[in-house]
Amino acid sequence: MVEHAELPSPDDPQAALAAVVALRRLANQLERAAVDHALRNGWTWAQIGQALGVSAQAAHKKLAQKKKDHS
């Protein structure tokens, strides 16, 4: 079970916006880990896209590991 920290008030823009940045980073890390796990377990990009509420193409474009060009 994930415990929820108290969120900063929007009346404190600096704290609230810092929390938004932290939450986005955490969400991106969780998304990446879940997609990697799904791919290792045979999920298709269509299944991943459906689970994320986007098209297969959008999921692939955002989340496919990019190969590094060594030329």
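This chain uses plain numbering: 1 for the first residue, then up along the sequence.
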**Message:** Tell me if the CD atom of Q50 is crowded by more than 12 foreign heavy atoms within 6.0 Å.
**Reply:** no
By side chain to side chain contact (heavy atoms under 4.5 Å, CB included), V20 pairs with (sequence neighbours left out) R24
What one should report as the nearest heavy-atom pair of P10 and A16 is CA-CB, 4.1 Å
Distance col, row D12:CG vs L17:CG, nearest 0.5 angstrom, shows 9.0 Å
Taken in chain and number order and not counting sequence neighbours, the residues that satisfy side chain to side chain donor-acceptor pair (under 3.5 Å) with D36 are R32
Taken to the nearest 0.5 Å, the spacing of H60 NE2 from T44 OG1 works out to 11.5 Å
So CG of L23 and CG of N28: to nearest 0.5 Å the spacing works out to 11.0 Å
For residues 43-60, the salt bridge (Lys or Arg N to Asp or Glu O under 4.0 Å) pairs (sequence neighbours left out) are none
Sorted by chain and residue number, the side chain to side chain donor-acceptor pair (under 3.5 Å) partners of E31 (sequence neighbours excluded) come out as K62
Sequence neighbours excluded, the answer for side chain to side chain contact (heavy atoms under 4.5 Å, CB included) partners of A22 is none
Heavy atoms of W43 and A51 approach each other most closely as CZ3-CB, 4.1 Å
Exercise. Could you tell me whether the side chain of L52 reaches within less than 4.5 Å of the side chain of I48, counting heavy atoms only?
Key: yes
With sequence neighbours left out, the residues meeting side chain to side chain contact (heavy atoms under 4.5 Å, CB included) with A18 are none
Correct closest heavy-atom pair for A15 and P8 would be O-CG, 3.5 Å
